[in-house]
> 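This is the structure, below, for whatever I ask next.
Order of the sequence lines fixes the chain letters, A, B, ..., with proteins taken first and strands second; residue numbering starts at 1 for each chain.
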There are 2 protein chains.
Amino acid sequence: MYLRYLEDLDSRGQQTASSDELATLFGTTPAQVRKDLSSFGSFGKRGLGYPVHQLSDQLREILGLGHEWRVVIVGAGKIGAALANYHGFSQRGFRIVGVYDNSPSKIGQLWGDGTVVRDMSELEKDVAGNEALIAVLAIPADDAQVVVDRIIVAGIRAILNFAPTQLQVPAYVSLKTVNMAVELEGLSFALTNMGTEKGAA
Amino acid sequence: MYLRYLEDLDSRGQQTASSDELATLFGTTPAQVRKDLSSFGSFGKRGLGYPVHQLSDQLREILGLGHEWRVVIVGAGKIGAALANYHGFSQRGFRIVGVYDNSPSKIGQLWGDGTVVRDMSELEKDVAGNEALIAVLAIPADDAQVVVDRIIVAGIRAILNFAPTQLQVPAYVSLKTVNMAVELEGLSFALTNMGTEKGAA
DNA sequence: ATAACTTTGTGAAGAATTTCACAAGCCTGT
DNA sequence: ACAGGCTTGTGAAATTCTTCACAAAGTTAT
């Protein structure tokens, strides 16, 4: 998240930023910003603040964004389509190298941007060839675990999961699940308990 | 999240579940499960475990899912469309009562399921009429803050934000931001630092 | 060069969260 | 009815995370 704001500042030509300034921007405290950054190294200049552009570069390095990551999307439904067309991915160095589905009605379908939906059964061979390490999963919950097991064997090492289920993966595979219904339920809880608790910001 | 698994167990006809069993399911510890649940009340029966169905009901109550929430979607792009068609929402009591956009090419568009995209300028009137309290924001980052200010005035009290930006809202409004690029960057970090840290599960 | 001012980096204090461990309670056998 | 076996609920300990506060270091003005 820090990176996003630093790039913003950078594009506006700001040279340096103090922890105070960054904290207001991120909605946190100066001490937090300094602790967070210091855990990766000593980036700031005392009396001056943090060099915006240089810090951006270093964070990108730390996050492993120095090179392009190849990503496959599994599931060519509505969510898969939205993700495939999402510019935010390509802008940040994630190149979508394939979209897969197992439904005959979807396979071969040509999307607006030239992507052709491929058969799941080709995934193994493709992943071996293009060395994709990241998969985005946009398939029904019931199919998710078997597909996960399969793509891990194929070589995938990180999964962004949109299926509303908890998945089992070995320790050497990173998994991040995004569950939109759960997010909405969190809002429902907040609305319901507004008076009782302090309101979330 | 607990609720999701409890419903799963319930639908399989399981009567009770121990904290141990739930913990394995959620990927946490039995002590954590007991602490979490006990913070809302005393649901379990000693020697037996938690009554699955009854606990589901109580959690739904706590989360405020006892009634239908009316939701508006702002932004009729790819993401907005995917969300509008996402069955997970309606399945869990969130009814989409309107989709809005300010682009003339989108307004009036009829989607497959009968939804008609309406002009942003009608949002205020509509929200007053249908008493929607929750908005899903699927618009470009640059427009997000002005739209947020506007829908809050209109009466929205909770926002699920898909725009890649930090938004300012008053304390009485709940905000949850989902940023898919940030999630992917988290995976990139995990992949890059696999050997150094213990792998994320 | 020096003084006054700013801001980082970081130990130490404080707060919050998680884990431990066990008494108390409930169920099932006999 | 009672003993033996599980499992919860919860204080207390351990751990993790956040905030405080200040010395050290850099900048600016004179």
> Looking only at heavy atoms, what is the nearest atom pair of Ala138(B) and Leu83(B), with distance?
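Closest pair (atom of Ala138(B), atom of Leu83(B), distance): CB-CD1, 4.5 Å.
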
> Tell me the interatomic distance from Asp20(A), atom CG, to dC20(D), atom P, rounded to whole angstroms.
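Going from CG in Asp20(A) over to P in dC20(D) covers 12 Å.
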
> Which nucleotide sits closest to the side chain of Lys45(A): dT18(D), dA12(D), dG26(D)?
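Of the candidates, dG26(D) comes closest.
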
> When you measure from the side chain of Trp111(B) to the backbone N and O of Ala84(B), does any donor-acceptor pair fall under 3.5 Å?
no

> Whether Ser42(A) contacts dG9(C) is assessed here as follows: a side-chain N or O lying under 4.0 Å from the phosphate OP1 or OP2. Is that the case?
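Looking at the OP1 and OP2 atoms of dG9(C), one of them is under 4.0 Å from a side-chain N or O of Ser42(A).
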
> Could you check how far CG of Asp36(B) sits from P of dA16(C), rounded to whole Å?
17 Å

> Only pairs with both distances under 3.5 Å count, Watson-Crick or wobble alike; so what is the partner of dC2(D) in this structure?
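The base-pairing partner of dC2(D), which may sit in any strand shown, does not exist here.
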
> If each of Thr29(A) and Leu48(A) is mapped to the nucleotide of DNA chain D with the nearest heavy atom, which maps nearer the 5' terminus, i.e. the 5' end?
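Result: Thr29(A).
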
> Counting only side-chain nitrogens and oxygens, does Tyr50(A) get under 4.0 Å of the OP1 or OP2 atom of dT6(C)?
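No, Tyr50(A) has no side-chain N/O under 4.0 Å of OP1/OP2 on dT6(C).
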
> If you define the side chain from C-beta out and look only at heavy atoms, does anything of Val136(A) sit under 4.5 Å from Val72(A)?
no

> Any side-chain heavy atom of Leu63(B) sitting closer than 4.5 Å to one from Thr192(A)?
no

> When rounded to the nearest 0.5 angstrom, what is the spacing between CG in Leu160(A) and CZ in Phe162(A)?
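Answer rounded to 0.5 Å: 4.5 Å.
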
> With respect to the side chain of Arg46(B), which nucleotide from dA24(D), dT10(D), dT7(D) is positioned closest?
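My answer, after comparing the listed nucleotides, is dT7(D).
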
> Which nucleotide in the list dG11(C), dG11(D), dT8(D) gets nearest to the side chain of Lys35(A)?
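Of the options given, the side chain of Lys35(A) lies nearest dG11(C).
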
> Calculate the interatomic distance between Arg34(A) atom CZ and dT19(D) atom P; express it in whole Å.
12 Å

> What is the separation between atom CG on Leu37(A) and atom P on dC17(D), rounded to the nearest whole Å?
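After rounding, the reported distance stands at 17 Å.
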
> Ignoring backbone atoms, establish whether Ser19(B) has a side-chain N or O less than 4.0 Å from OP1 or OP2 of dT7(D).
no

> At less than 4.0 Å, is any side-chain N or O atom of Gln32(A) found next to OP1 or OP2 of dT19(D)? Yes or no.
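Indeed, a polar side-chain atom of Gln32(A) lies that close.
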
> Hey, which of these two, Ala31(A) or Gly47(A), hits DNA chain C nearer its 5' end, going by closest nucleotide?
Gly47(A)

